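Reviewing the structure listed below.
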Amino acid sequence: MLTVPTLEFMSADNERFGIGEVGYSTYASVLSSAHIFAENEYLNKLSRENENIYQWVVIHPEQDDTLIQAEKMLSSRKVLGLKIHSPMHKYDICQYGDKLFSFANDMNAVVLMHPDKISEMPRFADKYPQMKLIIAHIGSKCH
């Protein structure tokens, strides 16, 4: 059974370690693609209510409503950029890369992604120079 830390738990840890500002996406928006839109709304509200919380807006290439939502949210100073998680959301990053990265390019957005077909990512980064790509956990084992 997965235990999801509460905001209070995470805030206490951040304070204990001297971390002042944090960028989040919700576990629910990453673990399943079923509730991305609602989770983005929830976190957006939470970030506006808490000075030290910033947001990564999760997008999904098969859910155009998340792209429309992200376009609106990216204008907020509380939004750090876009988050994509093709391994958990079960889509092929190469199949949808042009759609996702061209969107990010048009928005001049930072994209935080999780390792998936890393060897293919330089061609997307070269093709869309206005977006910035961060690959999380780059030192972890990738398939």
Side-chain angles (χ1 to χ4, degrees), residues 1-118 120-140 142:
M1 177 177 204
L2 176 68
T3 302
V4 177
T6 64
L7 179 61
E8 291 77 19
F9 174 85
M10 293 167 60
S11 294
D13 263 3
N14 292 338
E15 187 174 319
R16 184 173 54 157
F17 293 113
I19 299 170
E21 298 176 323
V22 190
Y24 290 120
S25 58
T26 68
Y27 285 115
S29 67
V30 171
L31 294 177
S32 166
S33 59
H35 306 290
I36 295 172
F37 189 92
E39 289 294 309
N40 281 337
E41 292 292 328
Y42 163 73
L43 190 54
N44 193 262
K45 181 179 184 296
L46 196 63
S47 71
R48 289 191 319 267
E49 294 171 351
N50 294 273
E51 188 58 36
N52 65 325
I53 295 177
Y54 292 81
Q55 178 181 16
W56 289 100
V57 179
V58 178
I59 60 173
H60 192 292
E62 296 175 332
Q63 297 178 19
D64 287 340
D65 61 336
T66 65
L67 300 177
I68 294 166
Q69 178 187 51
E71 185 173 357
K72 293 175 186 172
M73 289 181 173
L74 282 168
S75 65
S76 169
R77 71 171 190 84
K78 298 301 298 256
V79 173
L80 301 170
L82 307 170
K83 184 169 184 177
I84 57 175
H85 207 310
S86 54
M88 293 299 289
H89 292 162
K90 300 183 182 0
Y91 61 84
D92 183 337
I93 190 64
C94 290
Q95 178 183 351
Y96 290 103
D98 282 316
K99 181 176 184 175
L100 294 167
F101 297 126
S102 68
F103 173 76
N105 192 71
D106 291 347
M107 299 290 107
N108 292 308
V110 176
V111 177
L112 173 61
M113 70 173 286
H114 287 257
D116 190 21
K117 301 185 179 177
I118 293 173
E120 299 294 322
M121 293 307 104
R123 78 176 166 96
F124 287 113
D126 289 342
K127 188 174 181 179
Y128 301 107
Q130 298 308 311
M131 66 111 184
K132 288 117 185 109
L133 183 61
I134 300 170
I135 303 175
H137 316 292
I138 196 75
S140 63
C142 300

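Just so it is clear, the structure is predicted and the values come from calculations on it, not from any experiment.
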Any side-chain heavy atom of Met73 sitting closer than 4.5 Å to one from Asn40? yes

Is there a side-chain contact between Val111 and Ile59 in this structure, where contact means two heavy atoms from C-beta onward sitting under 4.5 Å apart? no

Assess whether side-chain contact (heavy atoms from CB on, under 4.5 Å) is satisfied between His89 and Val58, documenting all intermediate values. CA-CA 11 Å; His89 292 162; Val58 178; 3.7 Å; yes

Name all residues meeting the side chain to side chain donor-acceptor pair (under 3.5 Å) criterion together with [X]; count only those two or more places apart in sequence or in a different chain, and write none if there are none.
| X | answer |
| --- | --- |
| Gln130 | none |
| Thr26 | Ser29, Glu39 |
| Asn44 | Arg48, Gln55 |
| Asp98 | Lys127, Tyr128 |

For residues 15-38, the salt bridge (charged side-chain N to carboxylate O under 4.0 Å, His left out) pairs (sequence neighbours left out) are Asp13-Arg16

Per the salt bridge (charged side-chain N to carboxylate O under 4.0 Å, His left out) rule, what does the pair list look like for residues 59-74, sequence neighbours excluded? Asp64-Lys99

All side-chain contact (heavy atoms from CB on, under 4.5 Å) counterparts of [X], not counting sequence neighbours:
| X | result |
| --- | --- |
| Leu112 | Trp56, Lys83, Ile134, Ala136 |
| Ser76 | Lys78, Val79 |
| Gln95 | Asp92 |
| Asp106 | none |

Value rounded to 0.5 Å, distance of [atom1] in [X] from [atom2] in [Y]:
| X | Y | atom1 | atom2 | result |
| --- | --- | --- | --- | --- |
| Asn50 | Ser11 | CG | OG | 7.0 Å |
| Leu133 | Ile84 | CG | CD1 | 7.0 Å |
| Ile36 | Thr66 | CD1 | OG1 | 6.0 Å |
| Glu120 | Ile118 | CD | CD1 | 11.5 Å |
| Tyr42 | Ser47 | OH | OG | 11.0 Å |

Which residue pairs pass the ring-ring contact (aromatic ring centres under 6.0 Å, His included) test when at least one of the two sits in residues 93-114, sequence neighbours left out? His85-His114, Tyr91-Tyr96, Phe101-Phe124, His114-His137

Search all heavy atoms of Gly23 against all heavy atoms of Leu80 and return the closest pair with its distance. CA-CD1, 3.6 Å

Would you find a donor on one side and an acceptor on the other, under 3.5 Å apart, between the side chain of Gln63 and the backbone of Ser33? yes

Who are the ring pair (Phe, Tyr, Trp, His ring centres under 6.0 Å) partners of Phe37, not counting sequence neighbours? none

Trace of the side-chain contact (heavy atoms from CB on, under 4.5 Å) decision for Val57 with Leu43: CA-CA 9 Å; Val57 179; Leu43 190 54; over 6 Å; no

